[in-house]
Amino acid sequence: MPCMNILVELRLRFHQALRTVVDDPTDLLDQVVPAQDPRFGDYQANMAMTLANRLSQPQRKVAEQIVQNLQVADLCDPPEVAGPGFINLRLRDDWLAAQLQRISTDPRLGVSPVDDPATFVLDYSSPNVAKPMHVGHIRSTVIGDSLYRILRFLGHRVIGDNHLGDWGTQFGMILYGYKHFRDPSQFAQSLVKELSRLYKLVNQLVEYHQIRQELPELQSQFAQRIEVLDQQQAVAPSADGAEQKRAAKRLRNLKKQVAEMRDKVAAAEKKLAEVEESPELCRLAEQHPNIGSAVLEETARLHAGDPENLGLWHDFLPACRQEIQKIYDRLDVRFDYEYGESFYQERLAEVVARLRQRGLATVSDGAVCLFLDGFDAPMIIQKSDGAYLYATTDLATIDFRMQTFQPDAILYVVDHRQHEHFQKLFAAARLVGYERVDLQHVSFGTVLGNDGKPYKTRAGDTVGLESLLDEAVRRAHAVVAANDDAKPDGPELDDDQRRHIADVVGHAAIKYADLCQNRTSDYKFDYDKMVALEGNTATYMQYSYARTQSIFGKGQIDVQRLRTLDSPLCLQHPTERALGLQVLRLSEAIAEAVVDYRPNILTGYLFDTAKRFSEFYQQCQVLKAESEALRTSRLRLCDLAGQAIRLGLELLGIRVVEKM
RNA sequence: GCGCCCAUAGCUCAGCCGGAUAGAGCAGCGGACUUCUAAUCCGCAGGUCGGAGGUUCGAAUCCUCCUGGGCGUACCA
């Protein structure tokens, strides 16, 4: 079946028409777009104005010339030229009906695989296995999974790789904690919980000593800044206006710095107090004065292949890994590979050696560095103490992926704070000779709390992902139950059904809240908003879907049979037509979502689709339609809408239920 | 200091490789359930698109400057 992408088809037609006017109209084609306003039809073409300038001709005249050459009579009503030279297009109802007829038996709903499949390596989720997953991991996991599904659906070869953090300092902390602080009974009871406690404890003690060492310096810097600020404030204003402005700016910056340092000092003092207020922690801190360096030693021993540490690592890893898998199972997220950092361990020395041999890396202050054009600081690939860094691992990972998968693109779904790291990494990769592969940092913003700061518990801890999901499901259950109880003919769901629905709806709410946001912006995490289950939420879509299925149930409709019926679709009612057209636009939405790897394009499409369906549902009787033909036509529209919603949600990693 | 990102309705955000009167959700106000799920629908109200210049037939969108915020910035990841 040829691809049902109206936009692509129209652009093809415009390409033909424009060739009579210009040699190569390719760059003008993206000016064929969906109409901004329904009054202007379904699609519009705006290139006449641009072209008129190039040709020094009147805009409307150029538009009319284009229209004359344009052959769209089979799919559109006669095009109209409007305003300064817009070309407005309205699709023919019979053409729309025919297209819907064509796609109704297609499980892909008319979305063809791409003509030129590419190989993508998709790097997403990548949590640290030594500690429980928290809210900070949700975006990479959910966005990455969705991109994986979408690219796959489009026929690309996609390799999902979970680049687990299984080899870093965190493990040094756990090793140290295990050797000094473990509680054998807890350990036997729940390995992961105990490891998590040990990690927190060791981390706290390390921080404590570090802060104690650095605090005096920090405080004196703070005092110094205040002094400078006072001096600056005492300076008499300059007569020169420009100078005055500069002074004011300096003052503002200083104030900002002072405020920043005040917060820093306060945070440091708070951390000290937390330890000092607890006799137990105090005692441990005193007993382990060199815990910071000791942790690094444990890490180094692990990396050096020390049998004891390596043995413990092998003991701990499966349990940690299993703990994380619980989350992936709940989120329905999968990977093709999980080559963690440890996998690349043995390749790191070679990466550095090769770069040095080729003269690309140089030693500076004892560290092996890559000095890259356009960056102030170098990319350090080996520390002065000999240890490797994540830049080294990342380079080794690129080597491995290039050799193993020969990808056309590698996508890193990682938060925006690592922007500079990836710019350097990509520059380094090009330096090494990987020039053709498309390296993309698919970055995303931070999950914020209601206060606009990174989402934390009231106590200031990061929020565990598991409890987050539990809470969403709990709230979803309350809403599902309330809605079912309020049904006109009484409740129709038993406890098991309610629990299942709450599970699907709750997880969907979390995922959708994340995906519907433009990935590059920060977003505020708000249970009430996403589980309020109204407006632009997964639930609204799921509810729409359930209503389509409910109609089939009530009318005892055999949907499979319905799809094969060779009866014409009727698009007489405006809501019927709008819904039909919307269904046909699925492929446009998917194609656009992939351009910049933005699932929120798809959520936007689904929201529109659900709205179109609701409008249709409100205004058109389906089961009690005036005629049998109309009833069948509307049933088929319900089916198409349901299919579009289900398929779209599936590409976001969100499931549907038949009843809600 | 340098670099990156951001500023759109009361709130949360779309729109940002230029297009017609700037959109949605929530909150507010007013309507619609003897009718396929009212988790819905319809209507009203709500905006100097942070500010100032510039480019253009046309700017929320591109360029410059300014203001305010976030993040990053040589041996953490």
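Since the model is a prediction, treat every value here as computed from it, not as a measurement. Order of the sequence lines fixes the chain letters, A, B, ..., with proteins taken first and strands second; residue numbering starts at 1 for each chain.
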Between B:U35 and B:G43 - P atom distance, rounded Å = 23 Å
Describe the nucleic acid contact of A:T50 in one word from base, sugar-phosphate, nothing, applying a heavy-atom distance below 4.0 Å.
-> base
B:U73 - base-pair partner by Watson-Crick or wobble geometry, distances under 3.5 Å = B:G1
Pi-cation contact, A:F616 with A:R547 (under 6.0 Å, within 45°) = no
Could you tell me whether A:N483 contacts a base, only the sugar-phosphate backbone, or nothing, with contacts defined as non-hydrogen atoms closer than 4.0 Å?
-> base
P atoms of B:A7 and B:G50, separation to the nearest Å | 7 Å
Measure from CD on A:Q618 to C1' on B:U35 and round the result to the nearest Å.
-> 11 Å
Would you mind classifying the nucleic acid contact of A:N88 as base, sugar-phosphate or nothing, using non-hydrogen atoms under 4.0 angstrom?
-> base
Is any side-chain N or O of A:S550 closer than 4.0 Å to OP1 or OP2 of B:U37?
-> yes
Taking atom P in both B:U67 and B:U55, compute the distance separating them and give it to the nearest angstrom.
-> 24 Å
Show the numbers, then the answer: is there a salt bridge (charged side-chain N to carboxylate O under 4.0 Å, His left out) between A:D639 and A:R636?
-> CA-CA 5 Å; A:D639 177 45; A:R636 295 182 58 181; over 6 Å; no
Respond yes when some side-chain nitrogen or oxygen of A:K524 is under 4.0 Å from OP1 or OP2 of B:U12, and no when none is.
-> yes
Side chains of A:Q382 and A:L348: does their closest heavy-atom pair fall under 4.5 Å?
-> no
Distance between P atoms of B:C41 and B:C65 (Å, rounded) = 46 Å
Partner nucleotide of B:A60 by Watson-Crick or wobble geometry (both distances under 3.5 Å) | none
Which value, rounded to the nearest 0.5 Å, describes the distance between A:T397 atom OG1 and A:Y344 atom OH?
-> 4.0 Å
Closest to the A:M49 side chain, choosing from B:U37, B:C57, B:C13 | B:C57
Determine, stepwise, if the pair A:D415 / A:R417 fulfils salt bridge (charged side-chain N to carboxylate O under 4.0 Å, His left out).
-> CA-CA 6 Å; A:D415 80 87; A:R417 286 172 301 200; 2.9 Å; yes
B:A7 -> Watson-Crick or G-U wobble partner, both distances under 3.5 Å, gives B:U67
Look at A:R519 and B:C5 and indicate whether a side-chain polar atom (N or O) is within less than 4.0 Å of OP1 or OP2.
-> no
Side-chain N,O (A:R417) to OP1/OP2 (B:A77) below 4.0 Å = no
With a cut-off of 6.0 Å (strictly less than), are more than 12 heavy atoms of other residues, nucleotides or ligands near NZ of A:K61?
-> no
Classify the nucleic acid contact of A:A82 as base, sugar-phosphate or nothing, counting any heavy atom under 4.0 Å across all strands shown.
-> base
Paired to B:C16 by Watson-Crick or G-U wobble criteria (both distances under 3.5 Å) is none
With sugar-phosphate meaning primed atoms plus P, OP1 and OP2, does A:Q36 contact a base, only sugar-phosphate, or nothing at under 4.0 Å between heavy atoms?
-> sugar-phosphate
A:H416 or A:M47: which one's nearest nucleotide on RNA chain B is closer to the 5' end?
-> A:M47
Between B:U12 and A:N450, is there an OP1 or OP2 to side-chain N/O distance shorter than 4.0 Å?
-> no
Using a 4.0 Å heavy-atom cut-off across all strands, classify A:C516 as base, sugar-phosphate, or nothing.
-> nothing
Report the nucleotide, chosen from B:A14, B:U73, B:U37, that has the shortest atom-to-atom distance to any side-chain atom of A:N518.
-> B:A14
Give one of base, sugar-phosphate or nothing for A:E341, where a contact means two heavy atoms less than 4.0 Å apart.
-> sugar-phosphate
Assign A:M660 to base, sugar-phosphate, or nothing according to its heavy-atom contacts below 4.0 angstrom with the strands shown.
-> base
Rounding to the closest angstrom, what is the interatomic distance between B:U8 and B:G68 at atom C1'?
-> 16 Å
Nearest-Å distance, CG (A:L425) to P (B:C4)?
-> 19 Å
Non-hydrogen side-chain atoms of A:F525 and A:I510 separated by less than 4.5 Å | yes
Looking across every strand, which nucleic acid part, if any, lies under 4.0 Å from A:D522 by heavy atom: base, sugar-phosphate, or nothing?
-> sugar-phosphate
Atom P, compared across B:A52 and B:U12: separation rounded to whole Å | 23 Å
C1' atom, B:C33 versus B:G19: distance in rounded Å?
-> 43 Å
Between B:C17, B:U40, B:A74, spot the one nearest the side chain of A:S364, thanks.
-> B:A74
With stacking defined as ring centroids separated by under 5.5 Å and planes differing by under 30°, is A:F86 stacked against B:A20?
-> yes
Any side-chain N or O of A:Y43 less than 4.0 Å from the OP1 or OP2 oxygen of B:G19?
-> no
Under 4.0 angstrom, heavy atoms only, what part of the nucleic acid is A:D365 near: base, sugar-phosphate, or nothing?
-> base
Taken to the nearest whole Å, CD/A:E615 to P/B:U40 is 13 Å
B:U56 phosphate, OP1 or OP2, under 4.0 Å from A:N53 side-chain N/O = no
Would you indicate, yes or no, if B:A77 has its OP1 or OP2 atom less than 4.0 angstrom from a side-chain nitrogen or oxygen of A:Y390?
-> no
Reckon A:L389 touches a base, only the sugar-phosphate, or nothing at all at heavy-atom distances under 4.0 Å?
-> sugar-phosphate
For salt bridge (charged side-chain N to carboxylate O under 4.0 Å, His left out), just list the numbers for A:D27 and A:R54, CA-CA rounded to whole Å, side-chain angles, deciding distance to a tenth of an Å, and then say yes or no.
-> CA-CA 13 Å; A:D27 63 316; A:R54 273 192 221 171; 2.9 Å; yes
Would you classify A:F40 as touching base, sugar-phosphate or nothing, given that sugar-phosphate means primed atoms plus P, OP1 and OP2, and contacts are heavy atoms under 4.0 Å?
-> base
May I ask you to evaluate whether A:K611 reaches the phosphate of B:A24, defined as a side-chain N or O under 4.0 Å from OP1 or OP2?
-> no
Return the nucleotide paired to B:U40: Watson-Crick means purine N1 to pyrimidine N3 with N6-O4 or O6-N4, wobble means G-U with N1-O2 and O6-N3, both under 3.5 Å.
-> B:A32
Can you tell which of B:U73, B:G19, B:A14 lies closest to the side chain of A:Q517?
-> B:A14
Pair partner, B:U55 [Watson-Crick or wobble, under 3.5 Å] = none
Proximity to the side chain of A:F607 - top-ranked nucleotide from B:C36, B:G15, B:A24 | B:A24
Do A:R519 and A:N600 come close enough that some side-chain heavy atom pair is under 4.5 Å?
-> no
Nucleotide paired to B:C49 in any strand shown, Watson-Crick or G-U, under 3.5 Å = none
Is the number of heavy atoms from other residues, nucleotides or ligands within 6.0 Å of CD (A:E80) greater than 12?
-> no
Pairwise C1' distance for B:G46 and B:G10, with rounding to whole Å | 9 Å
What nucleic acid atoms does A:E492 come within less than 4.0 Å of, heavy atoms only: base, sugar-phosphate, or nothing?
-> nothing
A:Q621 side chain: which of B:A14, B:C76, B:U35 is closest?
-> B:U35
Contact class for A:R598 (heavy atom, under 4.0 Å): base, sugar-phosphate, or nothing?
-> sugar-phosphate
